[in-house]
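Letters A, B, ... are given to chains in the order of the sequence lines, protein chains preceding strands, and every chain is numbered from 1. A quick note: this is a predicted structure, and the numbers were derived from the prediction, not measured.
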2 protein chains.
Amino acid sequence: MTLQDVAREAGVSAATASRALNGSTRNVQSDNVSRVLAAAARLGYVPHVSAQATAKGSIPTVALVVSDVADPYFSSIAVGIIDAAEAGGLVVTMTVADRSPEREVQLVRTLRGQRPQIIIIAGSRINDTDTRGALIDELKQYRAAGGRVVLISQPELPFPTVAIDNVDGARLLARELAGAGYRRLCIIHAPHRIRTSYDRYTGFVTGLEESGISMDANFAMETEFTRSGGYEAARELVERGLRNIELIFAVNDAMALGVMSALRDAGLVPGRDVAVAGFDDISSAVDVVPALTTVTVPLRTAGLEAMRLALADDDAAGEAGIPTVWIPTAVRLRESTPPVSGRLITVR
Amino acid sequence: MTLQDVAREAGVSAATASRALNGSTRNVQSDNVSRVLAAAARLGYVPHVSAQATAKGSIPTVALVVSDVADPYFSSIAVGIIDAAEAGGLVVTMTVADRSPEREVQLVRTLRGQRPQIIIIAGSRINDTDTRGALIDELKQYRAAGGRVVLISQPELPFPTVAIDNVDGARLLARELAGAGYRRLCIIHAPHRIRTSYDRYTGFVTGLEESGISMDANFAMETEFTRSGGYEAARELVERGLRNIELIFAVNDAMALGVMSALRDAGLVPGRDVAVAGFDDISSAVDVVPALTTVTVPLRTAGLEAMRLALADDDAAGEAGIPTVWIPTAVRLRESTPPVSGRLITVR
DNA sequence: TTGAAAGCGATACCAC
DNA sequence: GTGGTATCGCTTTCAA
């Protein structure tokens with residue numbers, strides 16, 4: 001069933017049928033419009049998107065690249081993007097970069113071939129200079145061909161960006177925890193190459209220092225950015241002796257859940273023997289016992305904002321530089337970090 | 001950068017360039033092949049997928065329709081599909097039906113327009129006769145145009161299907177729980193229209209009956225198929241009195257987590273005051289305390305199998321009827337359902 | 001093996 | 001308003 005068939009059935013030319021179906025209905029006689037519509041319905045006509053695309057140059061979709069589908073972090077962002085895209089009549093296609101910068105670059109190449117109207121990349125940028133250049137290159141070519149690029153959570157690339165305020169969230173969390181009386185802490189983080197982890201790490205350290213707590217008395221451990229990474233780190237920690245550690249901050253909730261699990265397996269009670277805090281506020285954070293203190297990130301909002309940036313006409317913002325929207329985060333104190341008794345007074 | 005540009009740069013015709021780049025490299029002189037490849041690389045050429053699609057008729061993608069992106073159930077399936085698709089050189093695009101049958105039909109229409117090679121629908125089929133017909137119709141048209149359809153977890157539509165053995169999983173769970181000594185139970189389920197919920201419900205009841213436990217002594221509550229649905233149902237249950245209920249079975253883990261949360265909020269300890277069991281074995285099931293007894297569903301496998309079905313040449317299976325792959329499930333007994341002391345002997 | 005040319009299905013410019 | 005026609009970028013006969 002092609003446009004030709006519909007046109008014939010309706011007794012008009014292909015041009016008119018095209019106008020009635022997709023183009024500006026304004027300049028078509030209303031009875032012709034209805035005749036075409038009826039014919040299309042009768043024949044079960046569905047426009048051939050690829051043909052439209054070859055003719056028009058682009059396809060009404062937004063291509064979303066995420067690091068990992070199964071991660072609620074990304075699926076929450078996806079929800080926001082999908083909601084906003086649907087409102088704009090765009091279809092969202094999701095592809096997975098699997099946390100590999102090379103794969104990310106290669107995916108963008110592939111996606112370019114699909115000529116989507118928008119490419120949104122959500123993921124923790126890995127500080128990898130080689131691929132960084134290649135990615136920028138690929139995206140610039142895409143933009144030169146009329147595409148729009150928006151990045152989520154990876155600032156410092158020359159494209160409109162929705163940035164999660166990881167530094168400040170971690171900073172405030174540290175201050176709250178210091179305020180609750182914690183003094184001896186351990187930070188479990190991923191390699192500093194992973195930007196999100198690094199930002200949360202530095203933010204947390206800053207917050208501690210602002211509260212008069214020097215990192216000398218405390219320490220950090222590097223591990224993988226996953227639940228099992230958190231588990232392993234905590235297991236190692238317990239094995240070599242907790243040495244009065246009062247609280248473990250893991251740079252994301254998945255890791256924090258791993259930490260809790262390791263503590264329990266070692267016969268310790270999280271929140272009583274050792275406090276635990278995370279970052280992200282994923283849904284399990286409230287289901288775990290004790291409920292996990294964390295920093296909530298409005299991910300759906302981040303997705304919506306990304307679409308807003310993508311659809312904004314940036315001629316206006318053009319001269320103001322690269323638009324960056326900062327998504328604020330908020331601390332959620334829960335039972336996994338009870339106030340340290342007798343210390344509350346010492347907070348300043 | 002079009003194929004023409006590459007052809008010119010390589011000093012060959014567009015036809016040859018096309019053959020070298022995509023078609024059968026066999027029938028092109030090897031030095032021409034390398035010259036074209038080099039030119040393409042130099043120019044940063046990316047094939048225009050839509051143009052290829054208009055010429056060839058279909059696009060090398062698999063369109064995946066899920067009910068909800070944020071639900072780990074679907075994202076796990078997606079992981080399997082993506083892995084298998086990548087191995088076959090196909091790109092996966094995901095769209096969300098938002099648990100609405102109407103939306104599902106409409107999406108399939110839209111997707112048909114994209115001419116993907118494969119459409120996979122993953123979702124709990126809702127027993128809705130109106131849309132059922134429309135969906136079948138749409139899919140048949142798609143198939144008539146050369147597309148391949150695979151359904152996940154919604155048997156009884158005339159297409160190849162990957163079916164999760166919900167009935168049997170729930171049945172075995174019920175038997176295990178009966179074996180552990182539970183006698184007075186409550187089943188919290190979604191409306192029977194939702195097939196997955198219904199199957200798990202009936203499977204569980206069957207399992208109880210096989211263990212000599214009649215439903216007369218027990219009862220069921222209907223609620224939403226979500227965490228908050230579970231929460232509300234359990235809250236209501238507690239409010240009107242638990243009346244010796246020993247165990248609550250929620251037809252999925254999200255609901256079970258809601259149940260646990262409601263119990264805790266009511267001052268009860270899940271697993272001690274009331275046992276709780278779920279279905280799906282989502283990742284939080286092991287993080288929650290006590291760890292949740294549930295039924296594990298190998299969702300990634302389901303995704304892989306779906307792709308296998310899609311890629312299988314079904315001329316072979318053609319006469320054997322509609323291929324259906326059953327994905328087995330397995331009971332995971334954990335701390336949320338400790339054996340009922342003193343009753344173990346009564347099990348038969 | 002290669003190139004010329006005819007589609008693929010739709011859009012858009014340009015006369016009428 | 002409407003129809004004819006060039007065009008989009010690529011694939012694929014069909015001859016050579």
Side-chain angles (χ1 to χ4, degrees), chain A residues 1-37 39-40 43-61 110 112-117 141-142 145-147, chain B residues 1-37 39-40 43-61 110 112-117 141-142 145-147:
Chain A
M1 290 299 104
T2 75
L3 185 63
Q4 306 292 340
D5 299 321
V6 176
R8 196 178 316 118
E9 174 90 1
V12 298
S13 75
T16 302
S18 171
R19 284 187 278 253
L21 253 15
N22 309 303
S24 44
T25 317
R26 282 236 173 290
N27 328 314
V28 181
Q29 234 169 9
S30 66
D31 59 326
N32 265 343
V33 173
S34 45
R35 203 173 310 137
V36 170
L37 259 39
L43 270 46
Y45 167 77
V46 180
H48 192 305
V49 178
S50 293
Q52 294 188 24
T54 43
K56 290 212 267 221
S58 80
I59 210 170
T61 63
T110 309
R112 278 217 290 141
Q114 325 228 36
R115 306 291 195 278
Q117 269 168 28
Q141 289 201 50
Y142 169 67
Chain B
M1 288 301 103
T2 74
L3 185 64
Q4 305 292 343
D5 300 321
V6 176
R8 196 178 316 119
E9 174 90 2
V12 298
S13 75
T16 301
S18 171
R19 285 188 275 253
L21 252 17
N22 311 302
S24 44
T25 318
R26 283 233 174 292
N27 329 313
V28 180
Q29 234 167 12
S30 66
D31 59 324
N32 266 342
V33 173
S34 45
R35 202 173 309 136
V36 170
L37 260 36
L43 269 46
Y45 167 76
V46 180
H48 193 305
V49 178
S50 293
Q52 296 191 123
T54 45
K56 288 215 267 225
S58 80
I59 210 170
T61 63
T110 310
R112 276 217 291 140
Q114 323 227 37
R115 304 291 193 282
Q117 268 167 27
Q141 290 201 49
Y142 168 68

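Within the 4.0 Å cut-off from OP1 or OP2 of D:dG9, not a single side-chain nitrogen or oxygen of B:T2 is found. Residue A:T54 places none of its side-chain N or O atoms closer than 4.0 Å to OP1 or OP2 of D:dC8. When the side-chain nitrogen and oxygen atoms of A:S18 are compared with OP1 and OP2 of C:dT11, one or more of them lie within a distance under 4.0 Å. Distances shorter than 4.0 Å separate some side-chain N or O of A:N32 from OP1 or OP2 on D:dT2.
Rounded to whole angstrom, the span from the CD atom of B:Q4 across to the P atom of C:dA5 amounts to 13 Å. Rounded to an integer number of Å, the gap from A:M1 CE to C:dG9 P is 11 Å. In this structure, the CG atom of A:L21 is 12 Å from the C1' atom of C:dT11, given to the nearest Å. Rounded to an integer number of Å, the gap from CG of B:D31 to C1' of C:dT1 is 11 Å. Protein atom CD1 of A:I59 is 15 Å distant from nucleotide atom C1' of C:dT11, rounded to whole Å. Rounded to whole Å, the distance from CG on B:N27 to P on C:dG3 is 14 Å. Spacing between atom NZ of A:K56 and atom C1' of D:dA6 amounts to 18 Å, rounded to whole angstrom units. As a whole-Å value, the separation of A:R115 CZ from C:dA10 C1' is 16 Å.
Which of C:dG9, C:dA4, D:dT11 sits closest to the side chain of B:N22 comes down to D:dT11. The side chain of B:Q29 approaches C:dT2 more closely than any other nucleotide in the set C:dT2, D:dT12, D:dG9. Checking D:dG9, C:dG3, C:dT11 against the side-chain heavy atoms of B:A55 singles out D:dG9 as nearest. For A:L3, taking side-chain heavy atoms from C-beta onward, the closest of the listed nucleotides D:dT12, C:dA10, D:dG3 is C:dA10.
By the 4.5 Å heavy-atom criterion applied to side chains, B:H48 and A:T54 are counted as neighbours. Side chains of B:Q114 and B:T61 form no contact here, defined as non-hydrogen atoms less than 4.5 Å apart. When side chains are defined from C-beta on, A:V33 does not count as touching A:L21, because their heavy atoms never get closer than 4.5 Å. Contact annotation: the side chain of B:D5 approaches that of B:R8 to within less than 4.5 Å [non-hydrogen atoms, C-beta and beyond].
In terms of polar N and O atoms assigned as donor or acceptor, the side chain of B:R19 comes within less than 3.5 Å of the base of C:dG3 in a complementary pairing.
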Start with the C-alpha distance between B:R19 and B:T16, add both sets of side-chain angles, then the distance that settles side-chain contact (heavy atoms from CB on, under 4.5 Å), and finish with yes or no.
-> CA-CA 5 Å; B:R19 285 188 275 253; B:T16 301; 4.1 Å; yes
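Only at 4.0 angstrom or more do the heavy atoms of residues 44-52 of chain B sit from any atom of DNA chain C, so none qualifies.
Here A:L37 contributes atom CG and A:S30 contributes atom OG; the two are 11.5 Å apart, rounded to the nearest 0.5 Å. Distance CG/B:L43 to CG/B:L3: 11.0 Å, rounded to 0.5 Å.
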